[in-house]
**Q** 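Before I ask anything, let me first share the structure, which is written out below as structure tokens.
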Amino acid sequence: MTDLIHERPSRLVSVRELFDIDSDFKVPVFTHKDEHVPEIDPSYCFNPDVTMAILAGFTRNRRVMIQGLHGTGKSTHIEQVAARLNWPCVRVNLDGHISRLDLVGKDTIVLKEGKQITEFQEGIVPWALRRPVALIFDEFDAGRPDVMFVIQRILEQDGKFTLLDQNQVINPHAYFRLFATANTVGLGNVTGLYHGTQNVNQAQMDRWNIVASLNYLPRADEIRIVQGKVPRYADDNGYKLIDAMVAVAELTREGFAAGDLSTLMSPRTLISWAENTEIFNDPALAFRLSFLNKCDEAERPLVAEYYQRCFDQELEESRSVKLTLL
């Protein structure tokens, strides 16, 4: 990892060339691909506004948070931008078990020259700060409040990081970048979808320079993404099938917005449905295994009705309700 510390972007490339966005904005690109650079997904569909927000983070060292509903590809969006810039990228999931010691570092017992000695092992934050790395805090709004204050200072562009245990002050690498993803904007579990999210301290939220929103894509883009993930359905017949699947997903989202459903179908679930359809060669069975069984039992007849509207096929869940009514 010593070589990575000395890496620098070697050239500026037009956003138009890399992302097909009509802009004269130029972004720094690394020549060499480090092992921490994500793999490029050629089928990934970029949201232009969110892409420009992320690129501003990479180019101008802005602190960028991407907020949106589950399954919209927030973290993947940052990774795919980094992949095209050859920028090393590390993701940290801020679940409830992440502690201050995990982020900062701790003393560990190691064996050297046949003797056990105590040695400080730095955490992911000081490790990333010393290198040209894009550090992504996933599920930022699920982090424990006492842990989140560890990163308070580095949210500022010139923020230095103090290792109290080592009496060190770390100056961030010139190409260190910080990103975060969140389902909420620090206001907690308002919709009831995201149990475990916290109310984020507003003084900390205020330190994020850019907050971009990434929600569900237009139907044509979703169809293209699913076809890219499941090439078997990339022909005309596959298009009709995926179009009907996306139509069902849109109905679940409308039902959720209207308060009729307590859950909705994300693009991630939509892709799973298509993949499972390829496995079972049965869209109805794949729909049941991918999404319907996740729904509240009382809401399944309505979800089955959505399926019937789009596929003109009745599911057992809707028939069983009719028999009960009789």
Side-chain angles (χ1 to χ4, degrees), residues 3-68 71-91 128 131-138 157 172-181 208-231 233-235 239 242 246 267-268 271:
D3 294 337
L4 180 59
I5 295 176
H6 304 291
E7 287 291 326
R8 297 286 190 281
S10 58
R11 59 197 175 101
L12 292 175
V13 180
S14 168
V15 167
R16 189 177 287 105
E17 178 184 335
L18 278 179
F19 300 96
D20 197 25
I21 296 176
D22 188 18
S23 171
D24 295 327
F25 197 63
K26 292 189 176 181
V27 293
V29 175
F30 286 79
T31 301
H32 304 293
K33 182 177 179 179
D34 180 77
E35 62 180 336
H36 293 91
V37 175
E39 294 296 326
I40 290 179
D41 179 358
S43 66
Y44 191 79
C45 182
F46 289 94
N47 178 296
D49 292 341
V50 175
T51 301
M52 290 301 295
I54 295 170
L55 289 172
F58 278 109
T59 307
R60 301 296 178 86
N61 195 18
R62 311 298 283 170
R63 302 301 189 237
V64 181
M65 174 182 286
I66 310 298
Q67 179 272 332
T72 51
K74 298 179 292 296
S75 303
T76 307
H77 207 306
I78 301 170
E79 283 188 322
Q80 286 305 307
V81 171
R84 284 153 177 81
L85 302 181
N86 272 339
W87 205 300
C89 185
V90 176
R91 287 171 59 175
R131 294 167 171 82
V133 166
L135 180 60
I136 305 173
F137 285 123
D138 272 337
Q157 286 185 8
H173 190 283
Y175 292 98
F176 166 77
R177 298 294 184 263
L178 186 61
F179 298 90
T181 66
W208 291 97
N209 307 127
I210 297 175
V211 177
S213 181
L214 181 62
N215 286 312
Y216 300 129
L217 296 168
R219 178 181 292 194
D221 290 338
E222 276 202 276
I223 293 172
R224 182 158 57 88
I225 289 172
V226 177
Q227 286 185 309
K229 293 292 185 182
V230 190
Y233 300 124
D235 56 13
Y239 182 91
I242 303 302
V246 175
R268 183 187 297 119
I271 293 170

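Positions are given from 1, in the same order as the sequence printed here.
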**Q** Side chains of L55 and R60: closer than 4.5 Å at any heavy-atom pair?
**A** no
**Q** Could you pull out all residues at least two apart from P267 that satisfy side chain to side chain contact (heavy atoms under 4.5 Å, CB included)?
**A** Y216, E222, R253
**Q** So, using ring pair (Phe, Tyr, Trp, His ring centres under 6.0 Å) as the criterion, who are the partners of Y233 when residues are at least two apart?
**A** none
**Q** With sequence neighbours excluded, what pairs up with K26 under the side-chain hydrogen bond (donor to acceptor under 3.5 Å, both in side chains) test?
**A** none
**Q** Kindly write out the residues that satisfy side chain to side chain contact (heavy atoms under 4.5 Å, CB included) with R219, not counting sequence neighbours, or none if the list is empty.
**A** I223, D243, V246, A247, E250
**Q** Taking salt bridge (Lys or Arg N to Asp or Glu O under 4.0 Å) as the definition, give me every residue that meets it alongside R8, ordered by chain and number, with sequence neighbours left out.
**A** none
**Q** Working to the nearest 0.5 Å, report the span between CD1 of I210 and CE of M52.
**A** 10.0 Å
**Q** Restricting to side-chain hydrogen bond (donor to acceptor under 3.5 Å, both in side chains), what partner residues turn up for S10, sequence neighbours left out?
**A** T31
**Q** At what distance, to the nearest 0.5 angstrom, does CG of L214 lie from CG of N47?
**A** 5.5 Å
**Q** Working to the nearest 0.5 angstrom, can you tell me the gap between L178 CG and R62 CZ?
**A** 13.0 Å
**Q** Could you check whether the rings of Y44 and F46 sit parallel, tilted or perpendicular, using 30° and 60° as the cut-offs?
**A** perpendicular
**Q** Does some side-chain heavy atom of V15 sit less than 4.5 Å from a side-chain heavy atom of T51?
**A** no
**Q** Taking salt bridge (Lys or Arg N to Asp or Glu O under 4.0 Å) as the test, write out the residues that go with D20, two or more places apart.
**A** none
**Q** Got a sec, which residues hit side-chain hydrogen bond (donor to acceptor under 3.5 Å, both in side chains) with T76, two or more places apart in sequence or on another chain?
**A** none
**Q** How would you list, by chain and number, every residue that makes a side-chain hydrogen bond (donor to acceptor under 3.5 Å, both in side chains) with D138, sequence neighbours excluded?
**A** S75, R91, T181
**Q** Using 0.5 Å steps for rounding, measure from the CZ atom of F25 to the OG1 atom of T59.
**A** 4.0 Å
**Q** With a 4.5 Å limit on heavy-atom distance, are the side chains of K33 and E39 in contact?
**A** yes
**Q** Does some side-chain heavy atom of L18 sit less than 4.5 Å from a side-chain heavy atom of V29?
**A** yes
**Q** Taking the side chain as every heavy atom from C-beta outward, state whether K229 and D41 have any pair of such atoms under 4.5 Å apart.
**A** yes
**Q** Can you list everything that forms a salt bridge (Lys or Arg N to Asp or Glu O under 4.0 Å) with D235? Sequence neighbours excluded, please.
**A** none
**Q** Say whether, by atom type as modelled, one donor and one acceptor occur between the side chain of E79 and the main chain of I40 under 3.5 angstrom.
**A** no
**Q** Answer whether the closest heavy-atom distance between the side chains of I54 and H77 falls below 4.5 Å.
**A** yes
**Q** For F58, enumerate each residue passing the ring pair (Phe, Tyr, Trp, His ring centres under 6.0 Å) test, keeping only those at least two apart in sequence or located in another chain.
**A** W87, F179
**Q** For E17, check salt bridge (Lys or Arg N to Asp or Glu O under 4.0 Å) against everything at least two apart and list the hits.
**A** none
**Q** Using side chain to side chain donor-acceptor pair (under 3.5 Å), reason through R84 and N86 one step at a time and then give a plain yes or no.
**A** CA-CA 5 Å; R84 284 153 177 81; N86 272 339; over 6 Å; no
